[in-house]
Amino acid sequence: MTAQLSGLWRRAAVVGLALSIVLLAGLLPAAAAGDVRIGICQSTAQGPATFSTALWKGAELALADVNSHGGIGGQPLRPVPVDVGNNDPAQARLSLNKAIDLDKITSLVCWGTNVMVQNGPLIDDADILAFTTSSGTKVVKASKLTQQLEAVTSLYCKVAAAEIKRQYPAVKTFAVLYVNYEFGIELRDKCEEEFGKKGIRLVASEGHPNAPPDLRSQLTKLIDAKPDAIYLAPIGGGTVALGIRTARELGYKGLLTTYGAGDTPDIYTLKLAEDNFFYVSHATPPGAPEAVKRATEKYGGYTLMGYEYVWLVARLGNEVLKNGQKLTGNALVAQLRKDRDIQTPVNRYVFQDDGYTIRPLAIFTIERGARKLQHVLSASDLE
Amino acid sequence: MAYLIDVLTLTAILAIAVHGYMLIKGLGGMLHLGHAVFYGIGAYASAIISTTLLPPGYFPASVMAGALAAGVGALLIGWPALQDRARYFMIVTFSLQLIFVTLVINLGFTGGPDGLSSIPRMSFGPWQPNRHWALDLGVATVGYPDIKLLVVVGFAAFSYWFCSRIVHSPYGRLIRAVRDDERVAEAFGRDAVRARLSILLIGAAVTGMAGGLFAHHFNYVGPSQFGLDLTMLMLAMLILGGQCSLAGATFGAVLMVGLLEALRFVLDDGLGVPFHMIAHLRQAIFSIILILVLALRPRGLFPETLAHHRRPAATPRPARLTGCARALEPPASGEILKASGLIKHFGGLAAVDGAGVSLRPGRIVAIIGSNGAGKTTVFNLLSGFERADAGAAHVGAVSLLGRRPAEIARLGVARTFQDVRIWPRLTVIENILVSRRHQPGETPARLFVSPRLVASAERINLDAAWAVLERFGLAEKANQLGSDVSYAQRKMLALARVCAFDPTVLLLDEPTSGVDPRRLDVFLDHIRAFARADQRAVCLIEHNMSVVRELADWVLYMDGGRVLAAGTPADVLGDDVLMRRYLGHREPVMA
Amino acid sequence: MSIFQSALPFLANGLSLGLSIALAALAMALIWRVVGMIDFGLGAVYLVSAYALLGLHTALGFSLPLAILGALACGIAAAILIYGLVYRHFIRRNAPLFVMVLVGLSLFLAIENLLGAALSSQKFYVIDALLPGVDVLGTRLNVAQFGKMAVSLAALAGIAFFCLRTAPGTMILAVADNKRLALGVGIDVDHAYVWTYGLAGLMVSAAAIPDVAESGVDPYVALNPVLLALAAIIIGGLGSFRAPVLGAVLLGLAFHLAVWLFPASWQEVIAYGLVVAVLIVRPQGLFGAFHAARERA
């Protein structure tokens, strides 16, 4: 009987401890007045986790800048993490709900086609401005208040095709190695279309799981089709590196290329990427702030977007307040699309009413452990 | 508020899914590592049906369709996986878990990698709310999310009630017996595979219901939502709460979601953790807390709840309930079980080589012989646990050979085991209750269709069980776990249990081995009563010669798989040649 | 090119993948047989030795052979520490199988995410040039792959020798066969477990090192080896030392031949479908008996 009782007590203690953690957390002051909250997604998934670090490092720089200049209407900006876990839409929804409901965020930057598409209605209901760095074409269709910050898949493919036409005229055929998710499949389809327009034919494509154990069988099959170029379409992170390495190990000498997922330090330090490889991503123009340039070299192309996100929100917020409006998502988006053509300290953007954005892209190769800008395609080039 | 409501809604849905897990893993004891598959099947089925087949307004129907689909899925998985004693169940479910996401991505009707969007909200008939639906009650406004939460909590309450009815029913007791020792359950006439399959189906259906609710809650299902991550989360909820407790399953879900959400607050606002580490640290701290809690309570927070049965005041009861006295008139005297020419080879070795036995009501036959003489194998052949290579065995006119143990038991042939084999996690009285035949409450459908019949049958069953316990002197121990009573008591319980089954033929495998000689008489009285008072046919394997001498009417001496001699105890035990031969093998116990 | 010729590269690569899974599979099988738990915590051991190699070689500037020895030592130490600090507590309390599964997995996830938080999820390389290799059967296999294959086969022979010929090995086997009996004859089970985890740690490190040399390290590298190792044991069974290795080879071949025959998007479905098919035909695993539950349920 005593054993049973002590067991009961111990159980009660554990339960009580757990409950008190929950309660204590609830009592923490959720919203101290006097600042403007902006949401920034964070992730633990392979690939996106690297982007989220970069995004934050860029945002951090802009926050220091903006806040030293009075924030929005004298109120400082405060970042709120929105943890999308393993890029699971349901997890993301809980995080987003917390950020909206308790932290009262005014804006958000996030990615993951599924995450964004499925939470689009939530963003509209909450009346917050959302930027997305996802390349999926469907994302902005799911929400009126969401604007692309990133180039969409079709644009990425178009630029890659043009670059191949210009620099590698011998390339007549290509193959795609894609992650077997909606995003990878979309990239494969759009590239088939855009490359086709330039007379480059898709001869093979193979899918792989996210974080594959190896890519040898897929690449053996692709190389068998004798493509002049192979387009890598993974979610990001180490898979690009694995693709490059495996293709070269299997004796593939042709061109390898990818999109913004290749713009991470994983690839900069990969010696094998220095040969016959390019990717399309975001440039840091010479006029950009020094700190931003340095951070981008260290954390990759998404750093820029983190910086620009904060910068844009601050600018739009101040404009909205000057017009005597409240800081709502609708007001911010209206302002964004009214200004339309915006030059940030880094880049020029054209924000279209349909949520898509014309933004500069650039061609990079890898040299001596760092990315090397080949040339920039400005927003007006792409318009 | 919207956040809290969303968290609570998801918690309630997950709690239902964990109820299903509890039925499969906790109650059924199946090592199940693919729970998200059932949840996913339910979600997808609901999504497909509500977007293509059903007109709007039939929300509960699509959830039920999700439950049904998951149940069918469970049958398809379980049928092959549960054969051969379910040893490979874990492996099959784990493999399916690894396949499921890729499979769904590659299939067309599941929406492929995009998943299925625009799943309708919960709606009932004419009430088809849009996202902004709200009802002004004067004091407060009730929105669609509030109604959704209410509906989901309603489902969770229903699930709790439903599962609790299952767990605390004669059916649930049978499932636990199968979990503890399926072979013994078979020896008592139960079909272990069917029992497992049925609880798997019920658990999967409950989980599928949760999946269906999730589809309508989230209005989207996609492949990545039903991966190994989710199975592990649900497993953590179940294990943390206590895998054999429904309250534990519910509380585990609440606590896990609470912990995960609380960590958001602690990390976002409280600890000043570097921003880009928050997502990783949340996972890491969550995992560490889980390990710590499990270290404190390796079996979870809640133990299995066992029904406490109150001993009835001694009142005169009808004769048919006294002990396990035979309910029917004994059949006319004469052979009831006859076996001859039994042959069983293991590899090249002949374990049984032409042995036979003949049993009559009211008579006790003892089989003696050295270890390895084939005595237990004869029992195994007669009770269907081993398949005979040749020979004949009949109860009345019915042939036993080739039948499964459960069928043979239902013909009235019961056996005990050399190593006792009490169901350890059932109480003593539950061991008796499960053993009794003809329980309407063992059919899960009856629990809900005819609860009165089940209840009255259970009352009779309980009275009878108490009577059996009284007869075998175990009433004091009724509410103790089978694993917690002494060896002698377990031996006695084995006799009580087989008596409660009310067989016509009793095969007792060393019923007195290891029993304190001072208590031996009680055992002998009981065994004698089986034959004399109850008029059953009794056959026992025995090494203790004084027991043989005391009890047996007829003795078979086995060696090398054959019956070398048969006769009265005096004849066989008095045969010096035989006894010397026996002693050459082993020292008989002369107590 | 005949159909057989076109299959050859897939066979070669499948064999190579299979033998690289085999090491982790052997480690997991050893723990399963001796201790009776499915040890997802081996993922943590894998990560420790992978990052140790990286740290010793690139950050502290040790030569590669020294760094490899150091990484092996770290792996062994990590495995024994995990046992001593975490598992022992649960084993002593006779925790059920699924609790052990959950504890191992939580430990793995904790280490993975702590590394992600502390060192970012960036991929780092120990060797970033193309590894030397040779053309075999229409494909090209590199040094690390040959290394993995050789180490796998050596480990198979080594563990058989260790368990059958050495004193600690026979002690482990005795505990694996019958723990109660082993206790009865005075074997120190705790001691046997330390040896078991140390041995498993050694094998997992030996699997991690060529992987890292070949394709770098990030916090996600350990998940695939652990999952594939488990699948390999399932296919092969635990009947003998050979069984998990053969299971791993079959799994590796299945992964590659699936792509040879079908679009690669079906790879996992076909490979794991094969696992299920094997179980329906031969539920005890292809190469011997399988005891999923052993002493714990």
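None of these values were measured; they are calculated from a predicted model. In what follows, every chain begins at residue 1, and chains take the letters A, B, ... in the order their sequences are listed.
Rounding to the nearest 0.5 Å places OG of A:Ser217 at 13.0 Å from CH2 of C:Trp260. To the nearest 0.5 Å, atoms CG (A:Leu215) and CG (C:Asn13) are separated by 11.0 Å. With rounding to the nearest 0.5 Å, the separation of CZ in C:Phe10 from NZ in A:Lys221 is 6.5 Å. Note: C:Asn224 CG to A:Asp214 CG = 9.0 Å, rounded to the nearest 0.5 Å. If you take CZ on C:Arg140 and CG on A:Leu250, they are separated by 8.5 Å, rounding to the nearest 0.5 Å. Taken to the nearest 0.5 Å, the CD atom of A:Gln46 stands 6.0 Å off from the NZ atom of C:Lys123.
C:Trp266 does not touch chain A: none of its heavy atoms, backbone or side chain, sits under 4.5 Å away. In this structure, chain A has no heavy atom under 4.5 Å from any part of C:Leu11. Contact of A:Leu242 with chain C is made through the side chain alone, with heavy-atom distances under 4.5 Å. Both the backbone and the side chain of A:Asp266 come within contact range of chain C, with heavy atoms under 4.5 Å apart. For A:Thr50, the parts lying near chain C are the backbone and the side chain together; criterion is any non-hydrogen pair under 4.5 Å. Heavy atoms closer than 4.5 Å to chain A are found in the side chain of C:Glu268, but not in its backbone.
Against chain A, the residues from residues 16-24 of chain C that qualify, each with a non-hydrogen atom under 4.5 angstrom away, are C:Leu17 in number order. Contacts between residues 109-121 of chain C and chain A, counted as heavy-atom pairs separated by less than 4.5 Å, involve C:Asn113, C:Ser121.
A:Ala241 and C:Tyr125 make their closest contact through CB-OH, 2.9 Å (heavy atoms, listed as atom of the first residue, atom of the second, distance).
Contact count against chain C (heavy-atom pairs under 4.5 Å) is highest for A:Leu270 among A:Thr220, A:Thr264, A:Ile223, A:Leu270. Counting heavy-atom pairs closer than 4.5 Å to chain C, the top residue among A:Glu274, A:Arg248, A:Arg245 is A:Arg245. Here A:Gly238 is the residue among A:Ser52, A:Ser205, A:Gly47, A:Gly238 with the most heavy-atom pairs under 4.5 Å with chain C. Ranking A:Ala49, A:Ala273, A:Gly300 against chain C, the residue ahead of the rest is A:Ala49, based on heavy-atom pairs under 4.5 Å. Interface summary for chain C: among A:Gln218, A:Lys271, A:Glu249, the most heavy-atom pairs under 4.5 angstrom belong to A:Glu249.
For the residue pair C:Gln267/A:Glu206, the side-chain donor-acceptor check at 3.5 Å is not satisfied.
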